[in-house]
Amino acid sequence: MPTAESAVSNSQSDAMQLPRTSESPSLKKIRHTASHVMAMAVQRLFPKAQVTIGPWTEYGFYYDFENPEPFTEQDLKAIKKEMAKLIKQKLPVIREEVSREEAQQRIHKINEPYKLEILEDIEEDPITIYHLGEQWWDLCAGPHVENTGDLNPKAVDLESVAGAYWRGDENRAQLQRIYGTAWETPEQLAEYKRRKEEALKRDHRKLGKELGLFIFSDEVGSGLPLWTPKGTILRSTLEEFLKQEQLKRSYQPVVTPHIARVDLFKTSGHWQKYQEDMFPLMSEDEQAAAAEQGFVLKPMNCPFHIQIYKNELRSYRDLPIRMAEFGTVYRYEQSGELGGLTRVRGFTVDDSHLFVTPEQLDEEFLSVVDLILSVFSSLQLKNFKARLSFRDPAEADKYLGSEEAWNKAEGAIRRAVDKLGINYFEGIGEAAFYGPKLDFIFQDALEREWQLGTVQVDYNLPERFDLEYVDEDGSRKRPVMIHRAPFGSLERLIGILIEEYVGDFPLWLAPVQARFLPVSDAQLGFAKQVAMQMQAQGIRAEVDTSGERLGKQIRNAEKQKIPVMAVVGAQEVEGNSLSIRTRASGELGSMPTAEVSEKMKDAIANYANF
RNA sequence: GCUGGUGUAGCUCAGCGGUAGAGCAGCGGUUUUGUAAACCGCCGGUCGCAGGUUCAAAUCCUGUCACCAGCUCCA
């Protein structure tokens, strides 16, 4: 029986193209039609079901239904069967143009109010309707295949059911969304499923467990990762790396507590605009609770750094001041939003707040972006997008501050990206409540998007905290703040890194850099001795003391993705050498122990591999 | 928070009304081993938790907690 691994190495399947819908006119038609066939099948089996929207996605399609009972996975099977029947009937797909009034009348006739709402949003006239045979139709822009018989029922599958809010609004009805996928051939479908399973193997939750990097404990609580010794090496190596980069750029480390009086967050505006994301108030007694007094866990570090700024009268000569802290924050994320390391309730931000004069803003902003891009480059992270995260004017109550402050801040960000010439897109409504951001977005193994690095321009908190500096002429001026975090959070970064590297960390980050594998117990002493010498030089080396045969030791080291394996047999002890095998290049043969140490130190210092 | 799904040994999973199983890991022994799995034995589970139905519950029902996919929301 072929294993999953042999399927991967099958060159034929590797070569198979699986275009995204947006890249393939024929898949666009197939998936459009498949979604209509699904909707028709659903309405035949569940006559009370109402059809709402049903677009294609990059790898399939979905349709949202209103139905008295939620669909179960059992229902999915029945729906799939019904779809096969409809495909077999070779129903012609007929496009019809009707007037707006005609469309309204027809919708009234079948009593589907959601469609009326959809109709209102369609701007172009006439309205296009697509029929499947004579019994079913929906509003649709198309395009479609000509006949349901053009679909291959063996290349269509229904994947999952999920609740989805009508119009994406959690205050409106929750509909039942059915996700499906459709391809030209059954082979493509099989390949698609295989690749989904492959992606699961890269999942940081799975790799994190296998490599022993972090755990979650039900007793500690959800969204609260615990870092094992190996994971902690990863974290602290990353921290140290960034600390060094920041020292080179005149950042000043600070340390602040995890809780503060709620008043601090009332001044900052968090209590007013961000309370939903905060853990509840800790009050000493009921009286204090009633007066809304007590302490809260910090959801952000900025108000603390602001206090340090305010502790002294600052001169224009002092600016810019760059305060940096790996600050652990706590946010009460809704339970359904938690997942692995990419969305947690307690996480450490590689935070910094820059207090600058208005004149310094542009230059400082650019230097921050430069730092962020250089950090990504050192981590070999290439696949990211830049997003200008601006406020949504339609939801003005979500944000603090004046129109003028926001316009100035957005202007600064625009000037910066234009000057840098980086590609970006705009995310309206993605701003922080106190200011707009430039965010760097990455994808995980399942192609979900996550924000890591961020730079934010803030005119509001300086105002709320009445921050000042004394300018050349002796007058008091208001500084501007830049909030920035190249990693975003250590947790999310590590989640993304694990998936990006598929667990194969570059040497400088690998929790265990070298493992000594004695061929027999006779070499154990020598192995321990050389490992200790390496440790003394700062190399993370360990010895396999299991007493297993060499083959098994290698297998275990490979599974743990340890970059350098040093085999020690009688010959090596004799010649004070090590037989080196690396994950990257396999067997490299014997070399003197001193040479191995030097090469490793060299590679580590240069973020390179052995 | 909402919808659907899943919780059985440290890990991966089988069992799905009638006395809790396998492989790996761990431990002990034999073997002293040369580049991805030596052999034998042993240990290991309030079947997520709490109620209920039943002569009998891992298995059916209810609640709850956690995880997974999606929605909403975000570093």
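What you see is a predicted model, and the numbers here were worked out from it, not measured in a lab.
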Checklist entry - Counting any heavy atom closer than 4.0 Å, what does Glu73(A) reach on the DNA or RNA strands: base, sugar-phosphate only, or nothing? => result sugar-phosphate

Next on the checklist: Can you say whether a donor on the side chain of Glu337(A) sits under 3.5 Å from an acceptor on the base of U72(B), or the other way round?
Outcome noted: yes

Checklist entry - Contact class for Glu210(A) vs. all strands (heavy atom < 4.0 Å): base, sugar-phosphate, or nothing? => result nothing

Item to check | Euclidean distance, atom CG of residue Asn171(A) to atom P of C71(B) [Å, nearest integer] | outcome: 18 Å

Next on the checklist: Applying the Watson-Crick and G-U wobble criteria at under 3.5 Å, what pairs with U33(B)? Answer none if nothing qualifies.
Outcome noted: none

Item to check | Lys209(A) vs G10(B): side-chain N/O to OP1/OP2 distance below 4.0 Å | outcome: no

Item to check | Watson-Crick or G-U wobble mate for G17(B), both contacts under 3.5 Å | outcome: none

Item to check | Phosphate OP1/OP2 of G1(B) contacted by Ser335(A) side-chain N/O (<4.0 Å) | outcome: yes

Item to check | Salt-bridge present (Glu595(A), Lys599(A); N to O < 4.0 Å) | outcome: yes

Item to check | Beyond-backbone contact of Met278(A) with Trp271(A), side-chain heavy atoms, under 4.5 angstrom | outcome: yes

Next on the checklist: Heavy atoms from C-beta onward define the side chain here; which of A37(B), A75(B), G4(B) lies closest to that of Lys552(A)?
Outcome noted: A37(B)

Checklist outcome for this item: Side-chain contact check for Ala164(A): nearest option of C71(B), A36(B), G4(B) is C71(B)

Item to check | N/O donor-acceptor pair, side chain Arg205(A) with base C67(B), under 3.5 angstrom | outcome: no

Checklist entry - With respect to the phosphate group of C74(B), does any side-chain polar atom (N or O) of Arg492(A) fall under 4.0 Å of OP1 or OP2? => result no

Checklist entry - Nearest to the side chain of Leu550(A) - U35(B), U72(B), A75(B)? => result U35(B)

Checklist entry - Who is the Watson-Crick or G-U wobble partner of A22(B), with both distances under 3.5 Å? => result U12(B)

Checklist entry - Closer than 4.0 Å, any side-chain N/O of Ser222(A) to the OP1 or OP2 of A66(B)? => result yes

Checklist entry - Given the P atoms of A22(B) and A14(B), what is the spacing between them in whole Å? => result 16 Å

Checklist entry - So, do Val51(A) and Phe65(A) sit near enough that their side-chain heavy atoms are less than 4.5 Å apart? => result yes

Checklist entry - Mind checking whether Phe376(A) and Phe440(A) have parallel, tilted or perpendicular rings, split at 30° and 60°? => result perpendicular

Next on the checklist: Please classify the nucleic acid contact of Val567(A) as base, sugar-phosphate, or nothing, using heavy-atom distances under 4.0 Å.
Outcome noted: base

Checklist entry - Would you say the side-chain atoms of Glu395(A) pair up with the backbone N or O of Asp392(A), donor to acceptor, closer than 3.5 Å? => result no

Checklist entry - Does any nucleotide pair with G70(B) by Watson-Crick or G-U wobble geometry, both distances under 3.5 Å, and what is it? => result C2(B)

Checklist entry - Between the side-chain atoms of Ser160(A) and the base atoms of A69(B), is any donor-acceptor pair under 3.5 Å? => result no

Checklist entry - Nearest-Å distance, OH (Tyr165(A)) to P (G4(B))? => result 12 Å

Item to check | Check: G1(B) base within 3.5 Å donor-acceptor of Tyr332(A) side chain | outcome: no

Checklist entry - Of the nucleotides C11(B), G4(B), U32(B), which has the atom closest to the Asp521(A) side chain? => result U32(B)

Checklist entry - Could you give the CG-to-P distance, from Leu338(A) to C73(B), as a whole number of Å? => result 16 Å

Checklist entry - Counting any heavy atom closer than 4.0 Å, what does Gln176(A) reach on the DNA or RNA strands: base, sugar-phosphate only, or nothing? => result sugar-phosphate

Item to check | Mate of G7(B) where both pairing distances stay under 3.5 Å, Watson-Crick or G-U | outcome: C65(B)

Checklist entry - Is there aromatic stacking of Tyr179(A) against G70(B), centre distance under 5.5 Å, plane angle under 30°? => result no

Item to check | Side-chain N or O of Arg549(A) closer than 4.0 Å to phosphate OP1/OP2 of U32(B) | outcome: no

Checklist entry - Are Trp166(A) and Glu117(A) close enough that a side-chain donor and a side-chain acceptor fall under 3.5 Å? => result yes

Item to check | Rounded distance in Å - CD1 (Ile215(A)) to C1' (C67(B)) | outcome: 15 Å

Next on the checklist: I'd like to know if the side chain of Asp350(A) reaches the main chain of Gly488(A), judged simply by a donor and an acceptor atom lying under 3.5 Å from each other, with no hydrogens or angles considered.
Outcome noted: yes

Checklist entry - Which part of the nucleic acid does Leu493(A) contact within heavy-atom distance under 4.0 Å: base, sugar-phosphate only, or nothing? => result nothing

Checklist entry - C43(B) pairs with which nucleotide, Watson-Crick or G-U wobble, both distances below 3.5 Å? => result none

Item to check | Spacing between Gln334(A) atom CD and G70(B) atom P, to the nearest angstrom | outcome: 16 Å

Checklist entry - Which is true for Ala162(A) with a 4.0 Å heavy-atom rule: it touches a base, it touches only sugar-phosphate, or it touches nothing? => result base

Checklist entry - Rounded to whole angstrom units, what separation is found between the CZ atom of Arg331(A) and the P atom of A75(B)? => result 6 Å

Item to check | N or O in side chain of Arg448(A) less than 4.0 angstrom from A69(B) OP1/OP2 | outcome: yes

Checklist entry - Under the 3.5 Å rule, do the base of G34(B) and the side chain of Glu572(A) count as making a donor-acceptor pair? => result yes

Checklist entry - Any side-chain N or O of Arg515(A) under 4.0 Å from OP1/OP2 of A36(B)? => result no

